[in-house]
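Every chain is numbered from 1 and lettered A, B, ... according to where its sequence line falls, protein lines coming before strand lines.
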Protein chains: 2
Amino acid sequence: MIYMATRSVAGEKTGLKEIAEAINSPQAFTAKILQNLVKDGLVSSTKGPHGGFCIKRPTAEIFLAEIVASIDGDQLFIGCALGLEKCTEDHPCAVHYKFKAVRDHLTGMLQTTHLEDVSDRVITGLSFLKTGTNKR
Amino acid sequence: MIYMATRSVAGEKTGLKEIAEAINSPQAFTAKILQNLVKDGLVSSTKGPHGGFCIKRPTAEIFLAEIVASIDGDQLFIGCALGLEKCTEDHPCAVHYKFKAVRDHLTGMLQTTHLEDVSDRVITGLSFLKTGTNKR
DNA sequence: ATAAATAAGGATAAAAATATCCTTTAATAT
DNA sequence: ATATTAAAGGATATTTTTATCCTTATTTAT
Ligand code: FES
Ligand code: FES
């Protein structure tokens with residue numbers, strides 16, 4: 001998503017091969033994740049020559065939480081640190097009172113950081129999407 | 001560890017069966033984790049009749065970070081959110097600048113919360129180590 | 001129409017995490 | 001000494017996550 005955001009400024013398509021290469025992730029695996037993002041309406045895809053993937057909405061309106069939820073589900077946001085079936089105030093686990101603040105911090109960060117925030121730093125060369133040497 | 005802390009007030013041994021039951025975790029699996037904790041010096045064990053496990057040091061001196069590190073290694077503390085080989089300021093990933101604060105929050109919490117903190121709440125019935133219904 | 005490019009989707013495969021089983025070792029009690 | 005109890009440790013199994021392969025469907029260009 002971040003790589004596409006750096007490419008989708010005008011709405012160009014980006015091919016699977018190029019995306020996988022850019023983030024140093026296996027093609028077939030990357031394809032599955034992209035399929036998921038398409039299914040969830042975050043990304044549009046077109047087949048055929050010059051086909052590829054493209055972020056559907058303005059990157060300033062897509063928050064990281066939405067992407068994480070699409071790929072990994074919601075356990076990161078609502079799961080119990082000690083693995084209890086569910087995290088509640090009624091029956092809190094032994095670390096709930098300490099953990100909740102951290103989890104909320106993470107959730108808050110993901111809900112307030114949008115793709116543009118993040119991709120801008122990649123575009124300006126301040127941060128990266130893969131290891132420098134590309135030898136991973 | 002938290003369950004043992006609630007039991008080890010005076011230094012009593014606690015058997016594997018009892019621990020596994022108390023935290024609703026499979027015995028054999030729990031045994032492997034205990035072996036690891038013994039190896040890392042957090043827990044002592046004795047075989048034979050009336051044998052069992054016992055926390056080695058005062059629970060007020062054992063911080064959660066030490067336990068997590070023993071069981072899961074240090075990736076939680078130093079790993080990159082986007083999966084880059086390593087997390088550095090030199091070659092930060094696209095979310096490093098946002099993620100670091102959250103990770104440091106988690107690390108800080110684990111480094112400042114000791115077992116006694118946590119087990120006291122279990123002893124007083126404010127928090128729990130397994131699901132209420134025990135039907136997990 | 002036909003060929004070429006590219007994503008979609010289903011079926012496996014490999015790797016990692018989680019879990020079990022069984023034998024061995026050490027401690028205690030008789 | 002012997003029997004019993006309980007952890008240690010090695011081998012194996014299951015499940016989940018990660019990854020690959022191959023066929024099908026769709027779009028574009030000729
Ligand atoms: S109950 Fe465990 S984190 Fe809330
Ligand atoms: S480089 Fe990714 S979190 Fe620091």
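In this structure, Q75(A) atom CD and dT17(D) atom P are separated by 11 Å, rounded to whole Å. Between Q27(B) atom CD and dG9(D) atom C1' there is a gap of 16 Å when expressed in whole angstrom units. One interatomic measurement links the two molecules: CG of D72(A) to P of dT17(D), which rounds to 9 Å at whole-angstrom precision. Taking atom CD1 on I33(A) and atom P on dT20(D), their separation rounds to 12 Å, with Å as the unit. Summarising the geometry, the separation between CD1 on I23(B) and P on dT18(C) is reported as 13 Å, rounded to the nearest angstrom. Atom NZ in K13(B) sits about 11 Å away from atom P in dA7(D), given to the nearest Å. The distance from atom CZ of F29(B) to atom C1' of dT12(D) is 16 Å, rounded to the nearest whole Å. The CG-P distance, from N36(A) to dA19(D), rounds to 15 Å in whole Å.
Inter-residue side-chain proximity for R57(B) and E66(B) is flagged as met; some heavy-atom pair is nearer than 4.5 Å.
With respect to Y3(B), the side-chain hydrogen bond (donor to acceptor under 3.5 Å, both in side chains) criterion is satisfied by exactly one of E21(B), E18(B), K130(B): E18(B).
Distance check: T88(A) OG1 to H96(A) NE2 gives 7.0 Å after rounding to the nearest 0.5 Å. Between C80(B) atom SG and R103(B) atom CZ the span is 8.0 Å, to the nearest 0.5 Å. Between the OG atom in S45(A) and the CD atom in Q35(A) there is a gap of 8.5 Å [rounded to 0.5 Å].
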Checklist entry - Nucleotide by nucleotide, 5' to 3', does protein get under 4.0 Å of the base (B), only the sugar-phosphate (S), or neither (-) in nucleotides 21-30 of chain C, counting heavy atoms? => result ----BBBB--
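Ring geometry, H114(A) versus F63(A): the interplanar angle exceeds 60°, so the pair is classed perpendicular (tilted spans 30 to 60°).
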